[in-house]
Amino acid sequence: MPGPKLTVTIIALNEEANIRDCLESVRWADEVIVSDSGSADRTAELCRNYGAKVFMDDWLGYGRQKNLCQDRAANEWILNIDADERITPELREEIQNALAGNGADGYLIPRKNYFGGFWVRRCGWYPDYNLRLYRKSAGRFVERRVHEAVHLEGRKERLKSPMIHLTYRDTTDYLSRMQRYSTLAAEDMLNEGRRPSLLDLFVRPQFTFFKMFVLKRGFLDGTTGLVLSMLYAFYTFSKYAKLWELTKGRAI
């Protein structure tokens, strides 16, 4: 017997280079909904060519944008993915079996994260479980500006087959996105009533490096592990420095 129907939700902005392979990996889904927040390239056109339902939306923030897609879904089960993620045939089969089994209310999916074409096995980057498959009636994204995640009221289980995540093309790509993410993270912390301390500015970045490179054995990933650990330490410093500026009423 066929399992419950599934809606795939995707938010996108100027993802022409990524979106085709992403959509190809979910052609088996019953419905694909895309929220495009103003792409200047062929993202929307490519999505429509694959039969996706494309909506042109103002940018609301990551959590709210993903919830907007969820609210438009015709089906009870949601699979949320990003344009730089791919569902492998093995994961597809596992998802379909999970839905047919009608067991949990949500499923955590591991991710194989890549940096510049290199699969990062350490640094805390694998297995990197994310709750991406869930019942619409039981789950919803927490509406943060960045680092959004699904809050689930119900039982969770873990799938074994990982999705592919082409996380960053290179260091330039990381730094470009870090500028945006660190600003959004600082704004979220400010709204939560956080105030930075010397500990946040001085110790946290060093601990981030130590955690990724030593505790999470990033050194076993060689130069890639070293570069990633240093980049994440810089990100940690950046978001707390921006929070400090926000508390002083300065522009960031």
Side-chain angles (χ1 to χ4, degrees), residues 3-39 41-88 91-92 94-96 98-99 104-111 113 128-154 156-157 159 161-167 181 184:
K5 291 188 175 182
L6 175 72
T7 294
V8 171
T9 58
I10 304 170
I11 63 172
L13 175 64
N14 295 326
E15 292 286 359
E16 181 178 347
N18 273 320
I19 199 67
R20 185 183 284 107
D21 288 343
C22 173
L23 293 169
E24 188 67 38
S25 76
V26 294
R27 293 194 75 150
W28 48 275
D30 300 289
E31 179 183 52
V32 177
I33 291 179
V34 177
S35 174
D36 186 301
S37 52
S39 293
D41 60 9
R42 297 176 60 234
T43 297
E45 175 190 345
L46 292 172
C47 290
R48 292 189 183 99
N49 289 345
Y50 271 86
K53 298 176 182 178
V54 181
F55 298 85
M56 308 305 294
D57 298 310
D58 292 334
W59 179 242
L60 303 174
Y62 289 96
R64 290 182 64 191
Q65 208 82 9
K66 291 184 177 183
N67 285 333
L68 182 63
C69 286
Q70 174 176 322
D71 291 339
R72 291 165 171 160
N75 303 309
E76 168 67 356
W77 279 96
I78 305 291
L79 173 62
N80 174 257
I81 63 173
D82 292 331
D84 58 2
E85 294 174 334
R86 315 283 182 258
I87 303 300
T88 65
L91 179 55
R92 167 190 174 175
E94 195 172 355
I95 288 172
Q96 291 174 325
L99 297 189
D105 299 293
Y107 293 88
L108 294 148
I109 300 176
R111 295 194 300 178
N113 295 303
D128 187 30
Y129 280 99
N130 279 253
L131 202 160
R132 297 296 196 83
L133 177 66
Y134 59 97
R135 295 182 188 273
K136 182 169 64 173
S137 58
R140 195 164 183 83
F141 277 91
V142 177
E143 295 191 350
R144 293 176 57 86
R145 289 173 173 82
V146 70
H147 305 313
E148 71 289 352
V150 174
H151 174 73
L152 188 77
E153 295 288 345
K156 305 174 189 175
E157 290 184 4
L159 300 183
S161 302
M163 71 166 67
I164 303 300
H165 184 204
L166 307 177
T167 318
Y181 293 160
L184 295 173

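Any value given below was found using the heavy atoms of this structure, including those in side chains, with hydrogens, waters and symmetry copies removed.
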Checking side chain to side chain contact (heavy atoms under 4.5 Å, CB included) for the pair T7/V32: CA distance, chi angles, key distance, verdict? CA-CA 6 Å; T7 294; V32 177; over 6 Å; no
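- Distance check: C22 SG to M163 CE gives 9.5 Å after rounding to the nearest 0.5 Å.
- The shortest side-chain heavy-atom distance between E76 and S137 falls under the 4.5 Å cut-off.
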May I have the step-by-step check of side chain to side chain contact (heavy atoms under 4.5 Å, CB included) for H151 and R140, ending in yes or no? CA-CA 5 Å; H151 174 73; R140 195 164 183 83; 5.9 Å; no
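- S161 is listed as a side-chain neighbour of E94, based on a closest heavy-atom distance under 4.5 Å.
- Within the model, atoms SG of C47 and CZ of R20 stand 10.5 Å from one another, a figure rounded to the nearest 0.5 Å.
- Looking at heavy atoms from C-beta onward, I78 lies out of side-chain contact with K66 at the 4.5 angstrom threshold.
- Counting heavy atoms from C-beta outward, D57 and Q65 have side chains that approach closer than 4.5 Å.
- Scanning all heavy atoms of the two residues, the minimum distance from Y62 to E148 falls at CB-OE1, 3.2 Å.
- A 4.5 Å side-chain heavy-atom check between I33 and I10 finds every atom pair outside the cut-off.
- Nearest heavy atom pair, residue A12 against residue V34, reads CB-CG1, 4.3 Å.
- A donor and an acceptor atom, one from each side chain of Y50 and E24, are located under 3.5 Å apart.
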Run the numbers on N67 and R72 for side-chain hydrogen bond (donor to acceptor under 3.5 Å, both in side chains), then give the verdict. CA-CA 9 Å; N67 285 333; R72 291 165 171 160; over 6 Å; no
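- Minimum heavy-atom separation, E157 to A104: CG-CB, 3.7 Å.
- Remark: R135 engages D105 in a salt bridge (charged side-chain N to carboxylate O under 4.0 Å, His left out) (not counting sequence neighbours).
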As a quick check of understanding, evaluate side chain to side chain contact (heavy atoms under 4.5 Å, CB included) for I11 and S37, giving each step before the final call. CA-CA 8 Å; I11 63 172; S37 52; over 6 Å; no
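- Panel note: side chain E31, backbone A74; a donor-acceptor pair is recorded below 3.5 Å.
- A distance of 9.0 Å separates CG in L79 from CG in L99, rounded to the nearest 0.5 Å.
- Between Y129 and L159, the closest side-chain pair of non-hydrogen atoms is not below 4.5 Å.
- Side-chain contact check for E15 and T43: no donor-acceptor pair (N or O, by modelled atom type) lies under 3.5 Å.
- I19 approaches L46 most closely through the heavy-atom pair CG2-CD1, 3.9 Å.
- Considering CG of D58 and CZ of R64, their distance stands at 10.5 Å, rounded to 0.5 Å.
- Atom CG of N130 sits about 12.5 Å away from atom CD1 of I81, to the nearest 0.5 Å.
- Between L166 and R86, the closest side-chain pair of non-hydrogen atoms falls below 4.5 Å.
- Between D30 and K5, the shortest heavy-atom distance links the atoms OD2-CA, 3.1 Å.
- In this structure the side chain of L23 never reaches within 4.5 angstrom of the side chain of V8, judged on heavy atoms.
- Contact between L131 and L108 at its shortest, heavy atoms only, is N-CD2, 3.5 Å.
- Counted within 6.0 Å of CZ on R144, heavy atoms from surrounding residues, nucleotides or ligands total more than 12; the atom is thus considered enclosed.
- Checking side-chain atoms of D41 against main-chain N and O of E16 turns up a donor-acceptor pair under 3.5 Å.
- Between Y134 and F141, the angle of the ring planes goes over 60°, which puts this pair in the perpendicular group of the 30/60° scheme.
- Between the OG atom in S25 and the CG atom in L91 there is a gap of 9.0 Å [rounded to 0.5 Å].
- For the 3.5 Å distance criterion, the side chains of N14 and R42 fail to qualify, holding no donor opposite an acceptor.
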Walk me through whether E85 and R132 qualify under salt bridge (Lys or Arg N to Asp or Glu O under 4.0 Å). CA-CA 12 Å; E85 294 174 334; R132 297 296 196 83; 2.8 Å; yes
Step by step, work out the side chain to side chain contact (heavy atoms under 4.5 Å, CB included) result for D84 and H165. CA-CA 6 Å; D84 58 2; H165 184 204; 3.3 Å; yes
